[in-house]
Amino acid sequence: MFRGVLCLLAVVAAVLADTPASCMPDSYLGAWRFYLSAGDGDNTRDCSKGAFRTESTLDIELSLPNVAVDLATGVRGNWTAIYNQGFELRIGGRVYFHFADWIQLSDDPLDVFSLCDRSRAPAFFHDLDGTHWGCYSAFHDETASASKRLVCKTQFRL
């Protein structure tokens, strides 16, 4: 019985640890613009507040199965959806990661709209060797089709 209670608590904790965003991988397809800070920090850099000075931009096209292309240079990389929570991008010698954003609809912490077309702070990047950390925000390109800029109501109930 004690093991059963521990197992149930572990499952509940795991469910509550997820972000409330729920974005399917195809919602990330298309053009994105990344607004980047300077990449001059280390792995203690705090991107959680979301406020930083934009030093450069990066325009990326994401396509299936996991192809990423820098629209300015043609450099190719890859991307991976992280469950239904966000994505990681590897391109041009750097790694980028962000969670999808969401809007809280009520006092219920599980009553949200998922905003799959933008990043939520903290969003960070670093070089492949783990150096030169920076912050970023990313938005689906406004010219992308509406079907790719999904805004979904997600309700979680235990």
Side-chain angles (χ1 to χ4, degrees), residues 10-11 13-104 109-110 112-154 156:
V11 168
V15 168
L16 294 177
D18 284 345
T19 72
S22 182
C23 302
M24 296 300 100
D26 65 343
S27 67
Y28 300 130
L29 299 177
W32 285 78
R33 174 159 284 184
F34 288 61
Y35 296 88
L36 309 173
S37 74
D40 56 1
D42 61 20
N43 65 354
T44 64
R45 185 163 197 159
D46 182 9
C47 297
S48 65
K49 307 220 180 355
F52 58 86
R53 180 185 174 135
T54 298
E55 297 288 328
S56 61
T57 59
L58 179 64
D59 293 315
I60 299 290
E61 179 81 22
L62 302 180
S63 62
L64 292 175
N66 68 338
V67 177
V69 177
D70 181 326
L71 294 174
T73 66
V75 169
R76 294 172 63 95
N78 60 62
W79 68 280
T80 303
I82 307 298
Y83 187 48
N84 63 346
Q85 310 279 299
F87 68 83
E88 178 186 86
L89 168 68
R90 291 175 175 259
I91 194 166
R94 284 189 168 160
V95 178
Y96 302 82
F97 173 78
H98 76 254
F99 289 110
D101 202 0
W102 67 87
I103 296 174
Q104 200 69 46
L110 303 177
V112 300
F113 266 115
S114 296
L115 301 171
C116 304
D117 64 343
R118 65 194 68 186
S119 61
R120 183 173 187 91
F124 58 86
F125 67 88
H126 58 77
D127 290 349
L128 288 174
D129 66 1
T131 61
H132 303 105
W133 288 68
C135 305
Y136 76 92
S137 59
F139 299 89
H140 220 271
D141 189 303
E142 291 299 315
T143 61
S145 69
S147 66
K148 299 294 186 231
R149 293 190 325 266
L150 296 180
V151 178
C152 326
K153 183 170 184 181
T154 307
F156 293 91

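The analysis underlying the following values was restricted to heavy atoms, covering all of them including side chains, and did not include hydrogens, waters or symmetry mates. Because the structure is predicted, anything quoted here is derived from the model rather than measured. Each residue takes its place number in the sequence, starting with 1.
- In this structure, Ser137 and Phe52 approach most closely via the heavy-atom pair N-CZ, 3.5 Å.
- Here the rule is ring-ring contact (aromatic ring centres under 6.0 Å, His included) with Phe124, and of Phe34, Tyr136, Trp133 only Trp133 fits it.
- Contact record, Asn84 with Ser22: ND2-OG, 2.9 Å, taken as the closest heavy-atom pair.
- Gly41 and Arg45 make their closest contact through N-NH1, 3.5 Å (heavy atoms, listed as atom of the first residue, atom of the second, distance).
- In terms of heavy atoms, Ser114 sits closest to Ala21 at OG-CA, 3.4 Å.
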**OP:** Step by step, work out the side chain to side chain contact (heavy atoms under 4.5 Å, CB included) result for Phe99 and Asp18.
**Re:** CA-CA 10 Å; Phe99 289 110; Asp18 284 345; over 6 Å; no
Solution key, residues 88-97 side-chain donor-acceptor pairs under 3.5 Å, sequence neighbours excluded:
unit_1: Glu88; atom_1: OE1; unit_2: Arg90; atom_2: NE; d: 2.9
unit_1: Arg94; atom_1: NE; unit_2: Asp127; atom_2: OD1; d: 3.4

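- From Asp42, atom CG reaches atom NE2 of His132 across 10.5 Å, with rounding to the nearest 0.5 Å.
- Atom SG of Cys116 is separated from atom CZ of Phe87 by 11.0 Å, given to the nearest 0.5 angstrom.
- Contacts of Ser48 classified as side chain to side chain donor-acceptor pair (under 3.5 Å), with partners at least two apart in sequence or in another chain: Asp46.
- A distance of 6.5 Å separates CG of Asp101 from CZ of Arg118, quoted to the nearest 0.5 Å.
- Between Phe125 and Ser37, the shortest heavy-atom distance links the atoms CZ-O, 3.5 Å.
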Please tabulate, one pair per line, all N/O donor-acceptor pairs under 3.5 Å involving side-chain atoms of residues 57-66, not counting sequence neighbours.
unit_1: Asp59; atom_1: OD1; unit_2: Arg33; atom_2: NE; d: 2.7
unit_1: Asp59; atom_1: OD1; unit_2: Arg33; atom_2: NH2; d: 3.3
unit_1: Asp59; atom_1: OD2; unit_2: Arg33; atom_2: NH2; d: 2.8

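- Proximity of Leu115 to Phe139: side-chain heavy atoms (C-beta onward) are nowhere separated by under 4.5 Å.
- In this pair, Tyr28 and His98 present their aromatic rings perpendicular. The plane angle is above 60°, beyond the 30 to 60° band.
- Cys23 and Ala100 make their closest contact through SG-CB, 3.5 Å (heavy atoms, listed as atom of the first residue, atom of the second, distance).
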